[in-house]
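Residue numbers count from 1 along this sequence. When a ligand or atom number is given, it counts from 1 through the structure's own listing order.
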Amino acid sequence: MPVLPKIILKQGKEKPILRGHPWVFSGAVARAEGELSPGEIGEVYSGDGTFLGMGQFNPHSQIILRLLTRTKEVLDSSFFKQRLLQAHTLRKKEFLGKTNAYRVVNGEGDFLPGLVVDRYGETFVMQCLTAGMEKLKGLFIDLLVSLFRPQSIYERSDIPTRKEEGLPEAKGLLYGEDIPEPVEIEEQGCRFRADVKNGQKTGFYLDQRENRFLVQSISQGRKVLDCFCYTGGFSVHAGLGRAREITLIDSSEEALKRVEDHFILNRLDKIPFRLIKGDAFDVMRILEPEYDLIILDPPPFAKKKGHLPGASRGYKDLNLQALRLLKRDSLLFTFTCSHHMNWDLFQKIVFGAAVDAGKMVQLLARRGHPLDHPVDLSHPEGEYLRGMVLRVL
Ligand code: SAH
């Protein structure tokens, strides 16, 4: 085996690694041997010289190493192929439900830190979030092509966090035919057009799929308010579930244009809907209390821990408004996708809103990511989507 660069940790700093956490922070390192260049593979040892694992370095990042294995082994194409196959066996049809769009690789959650691959039918979309994965881009393109035979692979590494890795943002076709714009997908009887080239995330909120399915199943006869609707994912499912009427709010004109397209594509012409472009915080204040189902799916308010107090006020305000707008015996689907907002705090915020709104509220279910967004238990930071289904009396 070639001699690899290595880092040796300060005494005691091996504990999180021994418990399975995949990140080594630069502050935990006592010294390095060999040249640590961005994306290179190397080894990590505890202060007393015990081998802990191998991973990818990035001396420019606070996370100086992302662990790939705890065994001394060759990290070649067949190693990564195994990881992809392991990810693939989780994504069985019977687990995913009826869809041809899902997450193929979920970074740390699939033990491939920094790599995200989403599938939209025969189009694959790839995000390389770290220097390590940037370096392996070519290898993963080859592996994806040989395992899945996609028509195209498109890169959406246009993510600001790449800066922290010392990488520029990047996007464009990596393999195959230029993709139709947008790409049509189907899930649970609904058709959508995902703008994988320019849309938010990799084009669609795949992480809300199971929650959309639930909305479809309980929408019949309800007057629905879909706040932060993006291209109308929840609303189209509500429409197919025979909602009575739907109001959608989003601040993005581009997204709202797609909503109209989605209603036509799904032949929802019998369901009255109205689109409101604006700031949901303001719009909700002027609506009448006449809804039977509200979906609140705002963007992350707390991207950093320090943002939590402000974010908490934002969530409280939104949930208070939503509770005010709901009629007797109605449903609220309320979400947060802020990494730093934990279940306990989120529930307390919503409870506070219920008290202020003077409503009796039952918790029916907690909802998170679907099965194709697994979280490594040793890496709880990978969990970000938290939602509650509430009945409002
Ligand atoms: N529910 C959507 C995803 C929502 S993502 C789905 O399942 O597909 C968050 C959305 O909030 C984005 O579409 C963004 O344009 C919108 N947004 C961000 N800030 C907003 C604001 N203050 N008021 C209204 N919409 C906002």
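Every pair passing salt bridge (Lys or Arg N to Asp or Glu O under 4.0 Å) that includes a residue from residues 196-215 is listed here, sequence neighbours excluded: Asp178-Lys197, Glu181-Lys197, Glu187-Arg212, Lys201-Asp207, Arg209-Asp372.
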For residues 296-308, tabulate all N or O donor-acceptor pairs below 3.5 Å that involve a side-chain atom, not counting sequence neighbours.
| residue | atom | partner | partner atom | Å |
| --- | --- | --- | --- | --- |
| Asp297 | OD1 | Gln208 | NE2 | 3.1 |
| Asp297 | OD2 | Gln208 | NE2 | 3.3 |
| His307 | ND1 | Lys304 | N | 3.4 |

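The side chain to side chain contact (heavy atoms under 4.5 Å, CB included) check on Arg19 picks up nothing, with sequence neighbours excluded.
Taking the centre of each ring, Phe263 and Phe273 come in below the 6.0 Å mark.
Look at Lys171 and Glu155 and you find no salt bridge, because none of the NZ, NE, NH1 or NH2 atoms lies under 4.0 Å from a carboxylate O.
Within 4.0 Å of ligand 1, the residues that place a heavy atom are Gln200, Tyr205, Arg212, Phe228, Cys229, Tyr230, Phe234, Asp250, Ser251, Ser252, Gly278, Asp279, Ala280, Asp297, Pro299, listed by chain and number.
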Worksheet item: Could you walk me through whether Leu265 and Phe192 pass the side chain to side chain contact (heavy atoms under 4.5 Å, CB included) check?
Response: CA-CA 8 Å; Leu265 189 65; Phe192 293 105; 5.8 Å; no
